[in-house]
Amino acid sequence: MTTGSTKFGARPALACEIAADRVLAGRSADAGRMVEMCSAQELAPGTVVPDLIEPNLRDGTAIRQAIESALGGVSGRSRDVIAILPDTAVRVVLMDFETLPSKPEEAEAVVRFRLKKSLPFNLDDARVSYHAQTGGTGLRAIAAVVLKSVLQEYESAFRDAGYNPGVVMPSMLAALGAADAEKPTLVVKVDARSIGIAILDQEQVLLFRTLENVRGITISGEQLAEEVYPSVVFFQDTYNLNIDRIYVAGLPETVGAAPALKAQTGATVAELVAASQIGAVTGSAPRWRMAGVVGALIA
């Protein structure tokens, strides 16, 4: 899924995520499902303040320099990049339809009409992108909505650094690209401000939620399991299925969250980004922080 315009005939080999505390970048291998090189640059507190409505990027010079440094270590001659935005800067909504018009402009008008009821801003001021999944008796659209003013902040930051952000994704949707979801799969992604929860089955997104995270990455396994529990119950009651596998991203000690999540669901728990999906890492870019970049590149 993309928000904004896509300018490329092929998917870019570069991805770069701007998070609240650092800029993370990666380059995919020429062949195979892995990211061969990653880099990261830390940001001072307050440099990026992710928000749905307010200005996000508070120090343009520092952000430009971080993008230049992170991408400069992996980009080679490439300048086309998948730009990954914080989850709290983009609203993601699942909507069910019996059908949608076959013409794209008419289908988008229907999606935008439904979105008007669920947004805290004027939809005329926003960019909308959606992907329609076919399943069951109808269609399920996954829509990503971002204010034009917020999107322009991030796009301008990449252009100022000399890169072309033709594909733009929110972090959690990007991270889902790293998940094997043939069976009922729960993906939990934690960052300093939010907890992203998605449940997929047969590679389709059945549930998507973004929760406020007041504890940051210091959240304990038990606390995380408590936050996730209502979504698991809703999924089981709605679809009459049990979670088979859980992937966790964004926590330095996934193993610490595993016992509580396993006790709650009985499912196996693993880190979302596998060692086989990522190669050399430079800078402060541990594997558990790279889910957005890796998922965007290997999806």
Side-chain angles (χ1 to χ4, degrees), residues 1-4 6-8 10-30 32-44 47-48 50 56-57 59-87 89-90 151 153-178 189 191-192 217 249-250 252 271-299:
M1 174 176 293
T2 63
T3 299
T6 302
K7 301 177 179 177
F8 312 104
R11 194 177 191 83
L14 300 176
C16 183
E17 177 171 0
I18 299 179
D21 61 344
R22 71 191 72 192
V23 174
L24 306 116
R27 184 181 72 203
S28 61
D30 291 336
R33 289 174 54 84
M34 74 168 294
V35 174
E36 63 179 353
M37 187 178 293
C38 295
S39 180
Q41 289 295 316
E42 294 191 15
L43 296 169
T47 304
V48 176
N56 283 210
L57 306 187
D59 186 339
T61 299
I63 295 164
R64 174 181 55 77
Q65 291 174 341
I67 294 172
E68 289 174 343
S69 180
L71 274 171
V74 301
S75 62
R77 296 182 177 179
S78 299
R79 288 294 178 268
D80 297 338
V81 61
I82 302 172
I84 303 169
L85 275 54
D87 289 314
V90 183
L151 177 63
E153 282 188 278
Y154 287 95
E155 289 184 331
S156 294
F158 281 100
R159 292 193 182 100
D160 290 346
Y163 293 89
N164 305 312
V167 178
V168 183
M169 308 179 74
S171 182
M172 181 61 175
L173 283 183
L176 296 183
K189 181 176 173 292
D191 65 27
I217 63 170
E271 192 167 337
L272 177 56
V273 177
S276 61
Q277 293 174 328
I278 190 168
V281 177
T282 61
S284 54
R287 180 156 56 97
W288 53 271
R289 286 297 308 267
M290 298 303 298
V293 169
V294 173
L297 290 173
I298 70 172

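Reckoned from all heavy atoms, side chains included, excluding hydrogens, waters and symmetry mates.
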Exercise: identify the closest heavy-atom pair between [X] and [Y]:
{"X": "Ala62", "Y": "Thr47", "result": "CB-CG2, 4.1 Å"}
{"X": "Glu68", "Y": "Ala161", "result": "CG-CB, 3.7 Å"}
{"X": "Pro12", "Y": "Val167", "result": "CD-CG2, 4.3 Å"}
{"X": "Leu24", "Y": "Ala40", "result": "CD2-CB, 4.1 Å"}
{"X": "Ala291", "Y": "Val273", "result": "CA-CG2, 3.4 Å"}

Checking the side chain of [X] only, and the main-chain atoms of [Y] only, is there a donor and an acceptor separated by less than 3.5 Å?
{"X": "Glu153", "Y": "Leu57", "answer": "yes"}
{"X": "Ser69", "Y": "Ala66", "answer": "no"}
{"X": "Gln41", "Y": "Ile67", "answer": "no"}
{"X": "Arg11", "Y": "Ala296", "answer": "yes"}

[X] versus [Y]: any side-chain heavy-atom pair under 4.5 Å?
{"X": "Tyr154", "Y": "Ile63", "result": "no"}
{"X": "Lys189", "Y": "Asp87", "result": "yes"}
{"X": "Phe158", "Y": "Ile18", "result": "yes"}
{"X": "Asn164", "Y": "Arg159", "result": "no"}
{"X": "Met290", "Y": "Ile278", "result": "yes"}

Next item on the list: Ignoring hydrogens and angles, state whether a donor on the side chain of Tyr163 or Ser75 is under 3.5 Å from an acceptor on the partner side chain.
Entry: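 The criterion, which ignores hydrogens and geometry beyond distance, is satisfied for Ser75 and Tyr163.
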
Check: Do Ser171 and Glu17 have side-chain N/O donor and acceptor atoms under 3.5 Å apart?
Finding: yes

Find the distance between [atom1] ([X]) and [atom2] ([Y]) and round it off to the nearest 0.5 Å.
{"X": "Gln65", "Y": "Asp59", "atom1": "CD", "atom2": "CG", "value": "8.0 Å"}
{"X": "Leu297", "Y": "Arg27", "atom1": "CG", "atom2": "CZ", "value": "11.0 Å"}
{"X": "Leu43", "Y": "Arg22", "atom1": "CG", "atom2": "CZ", "value": "9.0 Å"}

Item checked: Evaluation steps, side-chain contact (heavy atoms from CB on, under 4.5 Å), between Asp80 and Leu14 -> CA-CA 7 Å; Asp80 297 338; Leu14 300 176; over 6 Å; no

Checklist line | Ion pair Asp21/Arg289, N-O distance below 4.0 Å | finding: yes

Next item on the list: Dump the intermediate steps for side-chain contact (heavy atoms from CB on, under 4.5 Å) on Leu85 and Met169, then the final yes or no.
Entry: CA-CA 6 Å; Leu85 275 54; Met169 308 179 74; over 6 Å; no

Next item on the list: Please name the residue in the list Val81, Val74, Ile84 that meets the side chain to side chain contact (heavy atoms under 4.5 Å, CB included) test with Cys16.
Entry: Val81

Checklist line | Residue pair Val90, Leu151: steps toward the side-chain contact (heavy atoms from CB on, under 4.5 Å) verdict | finding: CA-CA 9 Å; Val90 183; Leu151 177 63; over 6 Å; no

Note to self: I'd like to know whether Asp191 forms a side-chain contact (heavy atoms from CB on, under 4.5 Å) with Ile217, so could you lay out the CA-CA distance, the side-chain angles of the two residues, the decisive distance to 0.1 Å, and finally the verdict.
What the structure shows: CA-CA 6 Å; Asp191 65 27; Ile217 63 170; 5.7 Å; no

